[in-house]
Amino acid sequence: MTRDSGLGTPDSFPRAARRFEAVGFSEIVKVRNRVLELLAEGHRVWRFEGGEPYMPTPQPIKNAMTAALARNETRYAPSSGVPELRQAIIEKVRAKNGIPADDDSPIVVNGGMHGLFSAFGTLLDPGDEVLMFSPYWTPIMDVVIYHGASAALVPTARARREGLTAALAAATTPRTKLLYWNSPVNPTGEVFSRAEVEEVCAFVREKGLAMISDEAYEDLIYEGEGHVSPASFPGMFERTISVFTLSKTYSMTGWRAGYVLVPMRWRVPMKTIVLYSINGVSTPTQWAALEALRLPDSFLYEAKAGYRRRRDALVAGLRASGFEIDTPPAALYLFPKVPNALGSDSRSAARVLLDSARVATVPGLVFGPEGEGHLRFSFSVAEDTIAGGVEALRSFAAAPA
Ligand code: PLP
């Protein structure tokens with residue numbers, strides 16, 4: 001009897017499900033683990049590898065959690081969300097995103113990652129193909145593969161230069177099921193224009209595809225055109241699962257709160273996944289999320305001024321250390337080219353910077369082949385981290401090879 005038969009002997013163990021054989025585990029976590037090793041050895045590390053708001057959760061949100069606990073809001077909530085929160089979500093997406101959400105469309109989820117995982121699970125069969133612009137947010141590739149599907153990558157820079165429709169058409173096959181959309185973009189901080197969103201939506205409609213729209217950074221746009229939700233265009237709400245998170249806007253990464261807007265035809269599978277994966281987000285967290293959605297816009301203006309200041313300081317510091325970089329309009333990241341002196345292999349460049357300058361970044365290759373030759377720096381860090389990191393890079397660049 002072999003270990004693979006499923007009928008074991010007392011000292012044999014069933015293996016993990018085969019679908020994990022092709023699924024990676026975040027390389028960003030590997031960078032973080034190396035950083036933790038260096039810290040444990042007593043080194044000072046300038047950490048730019050993360051992706052979290054630099055500030056704590058606003059006090060009114062914390063107070064709302066405390067008040068919910070005092071009211072004993074600690075029991076099961078409906079698995080799709082507390083009615084008051086779902087209502088606030090409907091009002092928000094109608095007013096701010098122009099999404100024609102009906103009363104039953106919002107489902108509260110355990111952060112954006114859970115919303116995305118559930119959305120892909122709702123739509124993908126093994127063998128399906130997913131259109132994705134590249135560079136892309138790394139976990140999406142693994143989620144696609146987990147579901148037995150594959151990704152068809154559309155290089156963003158070339159597509160924007162030469163035409164989005166033609167680039168999408170070239171990557172589309174009879175197996176294409178959906179397009180994963182992310183704007184503002186992690187890792188580049190780019191924002192697609194209204195005209196570009198409109199063009200992509202027209203393509204999705206014409207080909208009869210679905211869209212999963214990841215709008216994690218909708219509020220972190222510092223200049224230029226504002227955020228555009230694909231589901232706001234005619235005929236798009238019906239074929240789009242829009243995924244939002246409170247993590248970035250409200251500095252709530254650890255709370256695990258987000259929401260999705262799901263058209264009627266996919267609501268039952270989506271609710272089923274949410275029911276059987278989490279059976280609803282923690283009830284007190286949902287009351288805190290409701291308070292977050294009620295915060296006045298002035299909160300965001302202040303937060304954005306802080307992000308802009310950090311972004312500009314890091315852009316200037318990186319340029320002074322030999323990095324080639326345009327200032328991105330949004331999100332939390334810079335995605336400069338690796339300076340020539342470090343070569344074009346982003347993994348080895350990130351390793352050298354970490355081991356020699358004690359500056360932690362994420363190699364661009366992690367975000368797809370189009371990310372090779374780049375490094376991702378988060379500018380959402382303490383201002384003295386920016387000053388210290390830039391100084392370390394300058395000394396490293398000036399040191400004799
Ligand atoms: N989408 C993008 C593009 C992200 O960068 C992130 C987080 O880094 C998420 C979604 C999900 O965030 P969370 O699971 O914290 O809501």
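Indexing begins at 1, ligand by ligand and atom by atom, following the structure's order. The figures here come from the full heavy-atom set of this structure, side chains too, leaving out hydrogens, waters and symmetry mates.
Protein residues with a heavy atom closer than 4.0 Å to ligand 1 are G111, G112, M113, L116, W137, N182, N186, D214, A216, Y217, T245, S247, K248, R256, listed by chain and number.
Residue pairs meeting the side chain to side chain donor-acceptor pair (under 3.5 Å) criterion with at least one member in residues 320-332, sequence neighbours excluded, are E324-K337. The side chain to side chain donor-acceptor pair (under 3.5 Å) contacts involving residues 259-270 comprise K92-Y259, D102-R267, where partners must be two or more places apart or lie in separate chains.
Between Y180 and F120, the ring-plane angle classifies as tilted under the 30° and 60° cut-offs.
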For residues 53-68, tabulate all N or O donor-acceptor pairs below 3.5 Å that involve a side-chain atom, not counting sequence neighbours.
from	atom 1	to	atom 2	distance (Å)
T57	OG1	S251	O	2.7
T57	OG1	W255	NE1	3.1
Q59	NE2	N63	OD1	2.9
T66	OG1	K62	O	3.0

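More than 12 heavy atoms of other shown residues, nucleotides or ligands fall within 6.0 angstrom of atom CZ in R319.
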*Test log, rule salt bridge (Lys or Arg N to Asp or Glu O under 4.0 Å), inputs R34 and E49*: CA-CA 11 Å; R34 175 71 186 127; E49 83 283 8; over 6 Å; no
